[in-house]
Amino acid sequence: MKKINLWILSAILICGLAVTMFTSCVDKVDNPSGGVTPGVEEADYTVMLYTAGGGNLDYSIEEDIAKAAAAIKTDNKKVRYIVQYKYSSEKGLNTNPMFVPSGKAGYVYRYEAVPTIVNTEESPRLLLKDDQIYGTQNAAAELFQPDSIANFMKYCKQVAPAKNYILVISDHGGGYAQNQDYDKSLVESASTRGVVFDDNLDSEGITCKELRAGLEKSGMHLAMLYFDCCLMNNMETLSELTALTDYVLASGHSIAGGNHTAFVEELYKASAGDLFTDAMSRYAKKCTEYNYQVWLAQQSATWARNVDFVLTDMKKFPALLTALKTYVDFIIANKSDDYADEYQYAASECYQYYPGVPLYDLREYCEKLNANVYGSDPDTWMLYDNLENAIEAAQVCHYYSIQSEGYDEVTPYWLSYNVNLGAKGFIGCTHINGEPTKIYGYNKDGYVTALDMNTLEQTTSGAEKTAYSWSNTYYLLEFDKLTGWSRWLETNTGFPMNNPPYDNQDDQLPGGTASDVKDWDMTISAKFETDKASMKLFRFQNYLVWQGVDVLGPVGMMSPTYNMGFSNKNLPAKAQLILEIEPRSGKEGAWTFVRKLAKIEVERVISGKPLEVVRYTLDDLDLSGNDIQAEGTDAAKKAYVNIEIDVDVDGNVKFTKHEKSEGYVVDKIFR
């Protein structure tokens, strides 16, 4: 890996959801002042989805839009759902060869999601037209520009005026790091770790400063900003938004996304009289339960082992920042070299939200710091209690699901917000194979820096990245201006390392040893044959899932063959083949479907040496047989088969056949 910003790449693979923005055609809005088009009925809620494919999320984003569109009531204009979506590049779309995108690679589309936009026969395909392409922009459209964000919001206000506006940022998300919030004019080309990653533009993302500027330029105040992406329940980001939105809904963890059907349904309930906060709290819980089901179905997907969804009342966020500043002032004033071990313990034992990403839980860190350094001082506990109370007051709801360390499903282990944590002006937590005792990151001057975990010495390398220096990034944050958190990051002597994550089984090993990665090339292919007569009577959805990330399908074809190569993957790993068959409309009564030559092949190559191909065959699979669960009334409506493929650390392959009830979930792309 030529760049040391490894946590950036880790975050891009994770997660999230995010926002899609561009500048090429800012002047295309008919009423750029944001005025309302005469005669347009005012909705109660207008949802503004600002999204990009991110290189591997187009299938998931299309499905989210289709779910939302299907939930819209054509005879009730109280909820509107407007989309601006930039598709991934041709290369990004081709990462999933069986996914047929509804839009053109690199193009931006703008339209309203209504039931007629969905192709019900090939769901979730969208019925997009060329006149829904926004302006004349192409892959060069810059999604991160504040003018682009503001332009879309003003357009929504014009065509779908509402009492309340909700901006949904959807794509990958990466929280905050100093090499994320840089001024792009200072850097020729660099990846960011913010939100909404455009693979048409070398994965350029939206920084929290750009997001804030876009919201301010729109002149609109939001009822809610919803981050449908990973890691965005973040102190540095939320602090930029306090005056711009009433509420923020976000997750501090990596997530499999939200349930957009439930989202629209809850907005209709709010329109009918339910409290908005009650409706969104129910939705947050449904999202947590949805992500928990992903974990049940795909237990090798450790990113799904625990998730959280938090609804924050931004009117109460300033009090949280004030309480944190008071606490930071105290710990800096009472800093003592006598407590070096205690500072190190607090930093090393606080909760980390995702391995390889320098985001830690604010509340738990302060609690451990207080207990180990200042525990005998009751006045200090009062300061900490004020901080904890302010966090709890700001959170309207916080649903949390963890399936490691014996925790129950929902919130016995209370987390707060993720925040950057470092020491002596260094932030980082990236490990590189072959260097088990080093952590890589950036120092306050913008240099790539390695921390030796044994000596706690720092070594810089490469040219100075002025754009990444704290003077151009962290010091400019509202979070830092209001709390002085950077003062503690410079004063603190305890470096976070080997922190307890959501999954102690798969995090960095004790002592900072990076997990061993063997040079495996894995290819899993699934092949079928189906006669033409059956094709006329049935619909097929065929999914091949690898590590919960890449989904092939849903497609119905005469002789579909699915091939997907997976290179240099960590083992153990898991794949899943799911077949779903449903009679086409008009077919009733008892039915039988036989699929010929259903076969799975696993090709394994290690360090260039091929091993024997492992095969699993389902000869003449009868989907009306007793061993396949079917559902429906009067006659079977659908039938499923679910084959789990486990590959251990030595490349050994095991196949397990499941019924639908044993964890049938296919919507598991994480963000």
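No donor-acceptor pair under 3.5 Å is formed between the side chain of E236 and the backbone N or O of V419. Without hydrogens or angle criteria, S251 side chain to D308 main chain gives a donor-acceptor distance under 3.5 Å. Q352 places a side-chain N or O within 3.5 Å of a backbone atom of Y354 that can act as its donor or acceptor partner. Judged purely by atom type and a 3.5 angstrom limit, S281 uses its side chain to pair as donor or acceptor with the backbone of T277. With hydrogens and angles ignored, the 3.5 Å screen pairs a side-chain donor or acceptor of D58 with a backbone N or O of S88. Judged by distance alone, the side chain of R282 and the main-chain N or O of E266 form no donor-acceptor pair under 3.5 Å.
Under the salt bridge (Lys or Arg N to Asp or Glu O under 4.0 Å) criterion, E478 pairs with R212, K481, not counting sequence neighbours. Not counting sequence neighbours, the partners of S416 by the side chain to side chain contact (heavy atoms under 4.5 Å, CB included) test are D361, L362, R363, I391, Q395.
The closest side-chain heavy-atom distance from M314 to L244 is not below 4.5 Å. In this structure, the side chains of H260 and I65 stay at 4.5 Å or more apart for every pair of heavy atoms. The closest side-chain heavy-atom distance from L238 to N233 is below 4.5 Å. Residues V264 and I72 form a side-chain contact, since some pair of their non-hydrogen atoms from C-beta on lies under 4.5 Å apart.
No hydrogens or angles considered: nothing links the side chains of E289 and Y399 as a donor-acceptor pair under 3.5 Å. Checked by atom type, the side-chain pair Y417/T312 shows a donor-acceptor distance below 3.5 Å.
Between E364 and K368 there is a salt bridge, since a side-chain N of the basic residue sits under 4.0 Å from a carboxylate O of the acidic one. Salt bridge annotation for D278-K269: absent, with no cationic side-chain nitrogen under 4.0 angstrom from a carboxylate oxygen.
Here the CE atom belonging to M224 is positioned 5.0 Å from the CG atom belonging to L249, to the nearest 0.5 angstrom. How far OH of Y59 is from CZ of F99: 8.5 Å, rounded to the nearest 0.5 Å. In this structure, CG on D64 lies 9.5 Å from OH on Y85, to the nearest 0.5 angstrom.
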Inset, instruction - Go through the steps to decide whether Q84 and Y109 satisfy the test side-chain contact (heavy atoms from CB on, under 4.5 Å), and finish with yes or no. - result: CA-CA 6 Å; Q84 184 164 295; Y109 289 77; over 6 Å; no
Inset, instruction - Evaluate the criterion side chain to side chain donor-acceptor pair (under 3.5 Å) for residue pair Y226 and Y283; output intermediate values, then yes/no. - result: CA-CA 11 Å; Y226 169 23; Y283 175 63; 2.7 Å; yes
Inset, instruction - Go through H221 and D246 one step at a time and tell me if the side chain to side chain donor-acceptor pair (under 3.5 Å) criterion holds. - result: CA-CA 8 Å; H221 185 85; D246 292 336; 2.8 Å; yes
Inset, instruction - For S102 and R125, run side chain to side chain donor-acceptor pair (under 3.5 Å): C-alpha distance rounded to whole Å, both residues' side-chain angles, the deciding distance at 0.1 Å, then the answer. - result: CA-CA 6 Å; S102 303; R125 289 294 305 280; 3.3 Å; yes
Inset, instruction - Evaluate the side chain to side chain donor-acceptor pair (under 3.5 Å) criterion for residues E240 and Y176: first the C-alpha distance (whole Å), next the side-chain angles of each, then the deciding distance (0.1 Å), finally the verdict. - result: CA-CA 12 Å; E240 299 292 325; Y176 180 91; over 6 Å; no
Legend entry - Audit row: F276, L267, side-chain contact (heavy atoms from CB on, under 4.5 Å) steps and yes/no: CA-CA 8 Å; F276 178 75; L267 288 177; 4.0 Å; yes
Inset, instruction - Could you give me the CA-CA distance, side-chain angles and deciding distance for L215 and L241, then say whether side-chain contact (heavy atoms from CB on, under 4.5 Å) is met? - result: CA-CA 9 Å; L215 296 180; L241 307 170; 3.8 Å; yes
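Shown are Y351, F227, F309; of these, the ring pair (Phe, Tyr, Trp, His ring centres under 6.0 Å) with H253 is made only by Y351.
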